[in-house]
Amino acid sequence: MKTVHVIGAGFAGLTVSLRLAQKGFQVELYESSDRVGGLLGTDQTPYGIAERAANALIRTEKAEGLFSELGLTPSFPLESSKKRFLFRNSPKAWPLTFLETLTLIGRVLPRVLIGGKKVLRPQAGETLLNWGERKIGKAPTRFLLGPAMQGIYGNEITHLSASLILGPLFSGAKRSKYKGLLTGPGGMQDLVDHLQTRLQELGVKIHLNSNVNLASLEGPVVLATSAKAASVLLAEKHPEFSKVLSKIQMSSLMSVTLFFTKAQEKFKGFGCLIPRGFDLKALGVLMNSYIFKDRDKTYNETWILGGQQEEALLDLPDNEILKLLADERFRILGQKDTLLDYRINRWKKALPFYDLNLENALADLAEVPEPAGFYLHGNYLSGIGLSKILERSDWIAEKIASEHG
């Protein structure tokens with residue numbers, strides 16, 4: 001059995017290790033921390049569960065197949081989760097005025113009917129803000145595009161790359177039909193635990209608290225780490241490639257799950273995204289009790305903060321964060337309720353910043369010869385989202401099998 005070394009035991013490392021082991025490779029999986037799963041995890045509290053980061057995967061065929069082969073019964077969203085809100089002085093199912101809606105339709109529909117969707121294709125080096133104001137108008141950009149994208153990428157659209165984020169829509173590649181979300185019945189930790197168990201059954205050796213020296217490894221190596229970590233690992237053997245990776249910036253994010261004595265019943269839905277410009281720090285709120293069933297013992301919400309412009313928030317003590325959110329919760333939802341418990345997760349420099357700098361760095365990576373025997377994996381390459389990472393895991397495993405099988 002040929003050996004493949006996988007560095008990083010987050011979702012990318014776990015899933016690519018699974019696929020490689022299934023193809024007959026001996027997999028050595030290295031993780032610098034004391035647990036696998038990376039950002040993914042679920043805290044059990046007396047009042048219900050609190051997700052540390054992502055609360056679900058997009059329900060693609062590959063995601064469903066993964067759950068099936070792991071023997072993990074998926075949990076699907078409640079009917080109430082179909083309702084989404086965007087803030088414009090209050091949470092609204094549709095934040096545009098009647099006139100703004102007509103203007104949006106009149107601006108986009110004729111173009112698409114005449115020129116097809118290619119007329120909406122973004123230009124290289126264009127921010128999402130510039131693309132939105134050029135193609136759909138200022139109000140739709142601020143109240144629709146802005147909050148939707150920052151809800152996914154954790155940053156304001158003033159710096160996000162339109163080409164990286166919207167470009168795949170115009171690539172012509174077959175896209176999976178959106179079927180909603182899925183997660184484990186006990187949260188995302190269920191998925192992590194089932195993956196770890198399956199890897200051990202397949203003979204994958206998991207090395208926790210490990211610091212790896214690439215020079216000591218023989219055989220293919222998958223760097224399922226952040227771009228920064230991959231840059232450090234490759235610095236000595238492949239300095240040119242490492243230098244490009246080092247240019248990729250990371251942004252920070254914080255999730256705060258709040259448990260209350262009383263349920264918020266005015267806005268029942270998946271959550272509410274919050275545009276910039278209202279002097280509010282929160283990027284959005286997930287109304288967990290209305291998303292998945294049997295996940296709470298009392299009503300709870302998860303608030304998301306952070307991004308490049310608000311990284312200082314992560315340095316605030318718990319009491320200041322709770323006070324900030326109490327004030328913003330009253331402004332957004334009109335609620336003042338007694339807090340029972342909370343969980344705060346601070347993720348410093350945890351997500352790739354999908355800005356123009358990343359767009360340029362990925363273009364430079366394509367021009368630099370890839371180090372032989374090394375395979376990069378992570379959400380700075382595949383896109384934000386666990387289902388996209390899963391697709392890249394399959395692709396990398398196929399590539400290694402064809403080159404080293």
State whether the number of non-hydrogen atoms from other residues, nucleotides or ligands found under 6.0 Å of Lys83 atom NZ is greater than 12. no

Between atom CG of Leu191 and atom CG of Leu70, what is the distance when rounded to the nearest 0.5 Å? 6.5 Å

To the nearest 0.5 Å, what is the distance between CG on Leu381 and CG on Leu362? 6.5 Å

Output, in order, the C-alpha distance, side-chain angles, deciding distance and verdict of side-chain hydrogen bond (donor to acceptor under 3.5 Å, both in side chains) for Thr257 and Asn300. CA-CA 7 Å; Thr257 299; Asn300 65 86; 5.7 Å; no

Once rounded to the nearest 0.5 Å, what's the spacing between atom CZ of Arg343 and atom OG1 of Thr42? 12.5 Å

For the residue pair Tyr153 and Tyr354, categorise the inter-ring angle as parallel (less than 30°), tilted (30 to 60°) or perpendicular (more than 60°). tilted

Tell me if the CG atom of Asp315 is crowded by more than 12 foreign heavy atoms within 6.0 Å. yes

Are there more than 12 heavy atoms of other residues, nucleotides or ligands under 6.0 Å from atom CG of Asn213? yes

Give a yes or no on this: more than 12 heavy atoms of other residues, nucleotides or ligands lie within 6.0 Å of atom CD of Gln309. yes

Below 4.0 angstrom, N of the basic side chain to O of the carboxylate: do Lys281 and Glu310 qualify? yes

In sequence, state the C-alpha distance, the side-chain angles, and the governing distance for Ser251 and Asn155, and then conclude on side-chain hydrogen bond (donor to acceptor under 3.5 Å, both in side chains). CA-CA 8 Å; Ser251 60; Asn155 280 284; 3.1 Å; yes

Under the salt bridge (charged side-chain N to carboxylate O under 4.0 Å, His left out) test against Glu100, which residue among Arg107, Arg142, Arg88 passes? Arg88

Indicate yes or no: does Glu240 engage Lys243 in a salt bridge with an N to O separation below 4.0 Å. no

Please state whether the rings of Phe374 and His238 are parallel, tilted or perpendicular, taking 30° and 60° as the class boundaries. perpendicular

His159 atom NE2, over 12 foreign heavy atoms within 6.0 Å: no

Using the rule given for ring pair (Phe, Tyr, Trp, His ring centres under 6.0 Å), can you reason through Tyr342 versus Tyr47, listing the C-alpha separation, both sets of side-chain angles and the distance that settles it, and then say yes or no? CA-CA 10 Å; Tyr342 69 92; Tyr47 305 102; over 10 Å; no

CG (Leu325) and CD (Glu301) are apart, to the nearest 0.5 Å, by 10.0 Å

Separation between OG of Ser75 and CZ of Phe67, rounded to the nearest 0.5 Å: 9.0 Å

Quick one: do Lys179 and Glu61 make a salt bridge, cutoff under 4.0 Å? no

Flag yes if more than 12 heavy atoms outside Lys138 fall under 6.0 Å of its NZ atom; otherwise flag no. no

Where does the angle between the aromatic ring planes of Tyr290 and Tyr299 fall among parallel (under 30°), tilted (30 to 60°) and perpendicular (over 60°)? tilted

NZ/NE/NH1/NH2 to OD/OE distance under 4.0 Å, Glu311 and Lys348: no

Under a 3.5 Å distance rule, please check whether Gln264 uses its side chain to pair with a backbone N or O of Leu333 as donor and acceptor. no

Going through the checks in order, is the salt bridge (Lys or Arg N to Asp or Glu O under 4.0 Å) test met by Arg198 and Glu201? CA-CA 5 Å; Arg198 186 67 181 125; Glu201 291 171 350; 3.2 Å; yes

Take atom CD of Glu69 as the centre, draw a 6.0 Å sphere, and report whether it contains more than 12 heavy atoms from other residues, nucleotides or ligands. yes

Strictly below 4.0 Å, N to O, side chains only: are Asp327 and Arg331 in salt-bridge contact? no

Please walk me through it: do Glu398 and Lys23 pass salt bridge (Lys or Arg N to Asp or Glu O under 4.0 Å)? CA-CA 9 Å; Glu398 291 286 349; Lys23 291 183 179 297; 3.0 Å; yes

Any side-chain heavy atom of Phe11 sitting closer than 4.5 Å to one from Leu390? yes

